Number of protein chains: 2
Amino acid sequence: MTSDFAPAGTLDARDATRLRVLQCIRSAGTISRTDIARALDSSPATVTSACGALLDAGLIREERRMPSENVQRGRPRVMLQINGEAFAVAGLKVAREAIVVMIVDFRGDEIGSFVSPLEASCMDPDGLVQEVRRALDAACARHGLDTARIAGLSLGIPGFVNGETGFMHWSSSVTERNVDFAPLFRKHLPCPTFLDNDANLVAKAEHLFGAGRGLSNFLVVTLEHGVGMGIILNGELYRGERGCGAELGHMKVQFGGALCQCGQRGCLEAYVGDYALVRDTSTGQQSDAAKSIQDILHAARNGDRLAREVLDRASQILGVALANLVNLFDPEHIVLARSRPPFDHPYTEAMLTSLRRNTVQVDAPLPEITVRNLDEMMWAKGAAALGIEMVTILKIRERGTQDAA
Amino acid sequence: MTSDFAPAGTLDARDATRLRVLQCIRSAGTISRTDIARALDSSPATVTSACGALLDAGLIREERRMPSENVQRGRPRVMLQINGEAFAVAGLKVAREAIVVMIVDFRGDEIGSFVSPLEASCMDPDGLVQEVRRALDAACARHGLDTARIAGLSLGIPGFVNGETGFMHWSSSVTERNVDFAPLFRKHLPCPTFLDNDANLVAKAEHLFGAGRGLSNFLVVTLEHGVGMGIILNGELYRGERGCGAELGHMKVQFGGALCQCGQRGCLEAYVGDYALVRDTSTGQQSDAAKSIQDILHAARNGDRLAREVLDRASQILGVALANLVNLFDPEHIVLARSRPPFDHPYTEAMLTSLRRNTVQVDAPLPEITVRNLDEMMWAKGAAALGIEMVTILKIRERGTQDAA
DNA sequence: AATTTTTATTTTGATCGGTGAAATAATTGT
DNA sequence: ACAATTATTTCACCGATCAAAATAAAAATT
């Protein structure tokens with residue numbers, strides 16, 4: 001049942017403590033044992049023992065502290081930090097035209113990246129896994145890394161994916177439906193491999209390294225061709241019962257409204273997705289087909305009324321959708337990750353105004369909103385973030401069994 | 001910090017185990033120790049000891065088993081069940097015209113109920129608490145109960161309430177905003193008292209006693225004057241960061257749409273709330289003001305086209321809103337609790353069709369939908385459900401400290 | 001320079017919850 | 001009566017955590 005694929009939840013009490021300590025160190029960056037004990041509200045003794053194990057496993061290291069302004073009396077604290085060299089993890093984002101790879105160390109720092117072009121944007125499962133293998137090998141080769149140093153591999157893919165089992169219900173990148181990737185990964189790839197919805201990965205990245213660090217309840221909305229969302233509740237990715245929730249792009253914002261790619265009406269994507277903007281600004285004239293988001297923005301800036309209206313409406317509707325999220329989830333924070341600048345100023349302003357206007361009024365302040373640029377690499381980095389988490393658990397477990405032996 | 005008010009989260013390992021065992025017994029109804037061990041995946045020894053404590057505390061009891069079809073060899077299992085007589089809890093729902101009280105035993109079975117009329121539908125905090133006291137005393141008197149037997153009291157109130165702290169941001173029943181009820185409760189009421197949003201209470205009731213028994217992720221949508229929602233995620237009430245999420249009634253389903261009571265546009269309530277139906281079926285003629293939902297339904301049944309259209313649209317829009325929830329939360333189950341019959345057949349059908357049509361298509365089946373009648377008493381019972389849970393925790397803790405002494 | 005004070009970490013010994021194994025209990029089948 | 005079977009309890013132990021004591025490493029003081 002608990003295969004390689006989903007190692008979480010299988011931690012005994014001791015390993016759970018070690019993991020907590022590790023995560024505390026990671027989120028603090030640099031921290032002493034005493035402060036860890038304080039932060040986790042546990043005894044120094046416990047922290048000492050957990051840190052011992054983590055040091056033995058090579059996952060953290062002691063830092064010879066700066067002789068600087070530590071103007072304190074008493075025995076100086078020994079600072080601990082994540083040992084970046086512990087292992088490397090590859091994050092891969094399967095996009096339309098390429099597989100984007102980012103290799104990061106255990107700290108999450110980039111070691112190198114690589115873009116491996118794809119012949120076809122939609123492949124059969126076996127073909128996809130082989131492309132992944134090719135991308136991984138090429139990325140390692142480019143940066144002079146032995147593929148064996150990669151301790152884990154994490155794959156972000158658009159579509160409905162159950163990140164806990166590796167089962168894919170549907171993806172725009174895969175010809176077949178209902179594929180169990182776990183065995184394919186085991187067969188073709190050299191290290192433990194994890195699969196998740198790409199928006200979930202960005203959420204994970206924000207949670208581990210970005211604006212969501214240390215938060216328990218926050219949302220990440222991704223804005224590119226489509227609109228996606230990752231949900232962190234109680235400090236964990238919420239995946240829904242069947243592993244395919246968070247379909248913000250197909251939230252209906254207008255009853256009987258505009259037609260969406262998915263065949264339904266009034267979906268958010270049908271107003272704010274790239275293709276919707278292109279469609280709605282087209283006037284039936286000449287070069288419309290070639291119109292890009294850039295063109296539309298440009299036109300709007302030059303006073304084109306249609307372009308302005310479409311962008312304005314998109315911003316407002318996006319604000320409504322975010323307001324719906326605030327009304328439903330009441331999160332601490334929302335990260336709005338957009339690929340290209342269609343929602344740049346002044347549209348971000350319009351969006352925020354609409355958000356405020358459509359939120360149920362409580363005296364408590366609204367959740368913070370962070371707008372973040374999201375290039376292709378960020379997706380891959382998000383994948384890597386998940387990989388780090390998963391492999392960390394594997395390593396801690398491994399260590400545990402070694403102790404026992 | 002951890003006052004009387006929110007006893008959860010303050011359980012040590014042992015009490016947590018006891019609580020798990022107790023909840024297992026509750027959700028099973030009648031179960032043997034061996035089966036509990038199997039269900040909780042723990043050792044029989046642990047279960048024995050936990051049950052010992054629970055028996056001592058009088059929270060559960062052994063059932064002399066039926067001599068019936070237990071055609072098994074070996075030592076017969078001793079069945080355990082919740083001891084209803086352990087204590088009583090009062091659930092109160094603050095409605096517009098009355099406070100509805102239900103007194104239940106520890107099993108959740110009704111001991112008696114009472115409706116205590118209110119002079120005013122909106123009171124100052126002190127007045128409200130005194131009305132609560134009056135309602136409690138009257139209910140006890142009616143059923144010949146000593147008020148001292150009530151081990152806990154739980155209050156459901158419409159509005160934005162932080163159920164974990166007892167802090168009320170706003171409620172339609174209270175003249176003031178931002179009231180901390182906890183000290184008022186301590187001052188005027190004879191037993192530990194808890195406060196929560198009324199929709200949360202119905203969710204709790206479904207989780208403990210209704211369609212959500214044993215489920216981890218499900219939603220309860222309440223349909224009456226307004227539209228509310230309770231969210232259970234990972235087996236717990238999700239309250240959002242500021243304790244005021246789940247505002248389904250103000251989810252925008254139509255950009256720039258119909259005007260809502262709240263002053264915003266396109267809210268779900270503005271299409272499916274009682275007052276919206278009345279408004280939208282009014283033709284500017286004579287007795288419109290007196291029109292009731294019953295009248296509208298009746299008119300529709302008799303072929304009135306406007307009434308039909310309005311009800312049809314309401315059903316469809318409700319379906320869209322539920323589809324949004326499915327797309328976002330991917331729950332196991334949704335309970336639709338409606339107070340009066342505006343969404344009876346054939347409108348329930350229309351609603352379900354709309355739900356199906358607006359859900360993102362995955363091969364996995366849709367969550368189950370249960371439609372449930374929700375009379376005023378159910379709200380009170382929901383409140384009682386929360387009360388049972390809270391008091392259970394208090395009792396288990398109490399028992400723990402007794403042991404220590 | 002030696003000593004005191006202060007703070008951080010480790011060691012030690014005790015506690016406690018959970019567990020497996022063995023013992024006991026309560027049946028049915030022979 | 002005795003064997004077989006299943007449920008529960010008892011018991012000895014393990015391992016995680018913790019408080020307290022010991023130790024370590026510095027700064028301040030003498």
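Predicted, not measured: the structure shown is a model, and the values here were computed from it. Numbered from 1 within each chain, the chains take letters A, B, ... in sequence-line order.
Here C/dT7 is the nucleotide among D/dC18, C/dG20, C/dT7 with the atom lying nearest to any side-chain atom of A/Arg77. In the set D/dA28, C/dA8, D/dT5, C/dA8 carries the atom at the smallest distance from any side-chain atom of A/Gln72. Set against D/dA7, C/dT5, D/dA26, the side chain of B/Thr34 has D/dA7 as its closest nucleotide. Between D/dA25, D/dT8, D/dA16, one nucleotide has an atom nearer to the side chain of A/Ala13 than all others, and that is D/dA16. Taking only side-chain atoms of A/Thr46, from C-beta outward, the nucleotide of C/dT9, D/dT8, D/dT17 with the closest atom is D/dT17.
Here D/dA16 presents its C1' atom at 11 Å from CZ of A/Arg20, a figure rounded to the nearest Å. Here C/dG18 presents its P atom at 11 Å from CG of B/Leu40, a figure rounded to the nearest Å. Counting to the nearest Å, the P atom of C/dT9 and the CE atom of A/Met79 are 9 Å from each other. To the nearest angstrom, C1' of D/dA24 lies 16 Å from CZ of A/Arg73. Across the protein-nucleic acid pair, A/Ile36 atom CD1 and C/dT10 atom C1' stand 15 Å apart, rounded to whole Å. Between A/Arg14 atom CZ and D/dC18 atom P the separation is 16 Å, expressed in whole Å. Per the geometry, CZ belonging to B/Arg18 stands 8 Å off P belonging to C/dG17, to the nearest Å. Protein atom CZ of B/Arg38 is 10 Å distant from nucleotide atom C1' of D/dT6, rounded to whole Å.
Taking 4.0 angstrom as the limit, A/Arg33 places a side-chain polar atom (N or O) nearer than this to OP1 or OP2 of C/dT10. Here B/Ser43 does not reach the OP1 or OP2 of C/dG18: none of its side-chain N or O atoms lies under 4.0 Å away. Within the 4.0 Å cut-off from OP1 or OP2 of C/dT9, not a single side-chain nitrogen or oxygen of A/Thr48 is found.
The existence of a salt bridge linking A/Glu63 and A/Arg77 is excluded, since no basic side-chain nitrogen approaches an acidic carboxylate oxygen closer than 4.0 Å.
Map A/Gly74 and A/Thr17 each onto its nearest nucleotide of DNA chain D; the residue landing nearer the 5' end is A/Thr17.
Side-chain N/O atoms of A/Arg75 and base N/O atoms of D/dA25 include no donor-acceptor pair closer than 3.5 Å.
Between atom CZ of residue A/Arg107 and atom CD1 of residue A/Ile82 there is a gap of 9.0 Å, rounded to the nearest 0.5 Å.
Residue A/Val78 is in sugar-phosphate contact alone, with no base atom involved, counting any heavy-atom pair closer than 4.0 Å across all strands shown. Note on B/Ser49: nothing from the nucleic acid sits closer than 4.0 angstrom, heavy atoms only.
Seen from the ring of A/Phe106, A/Arg26 counts as a face-on cation partner, given the 6.0 Å and 45° thresholds.
At least one donor-acceptor pair closer than 3.5 Å links the side chain of A/Asp105 to the backbone N or O of A/Asp109.
For an aromatic pair to be called close, the ring centres must be under 6.0 Å apart, and A/Phe329 with B/Phe329 satisfies this.
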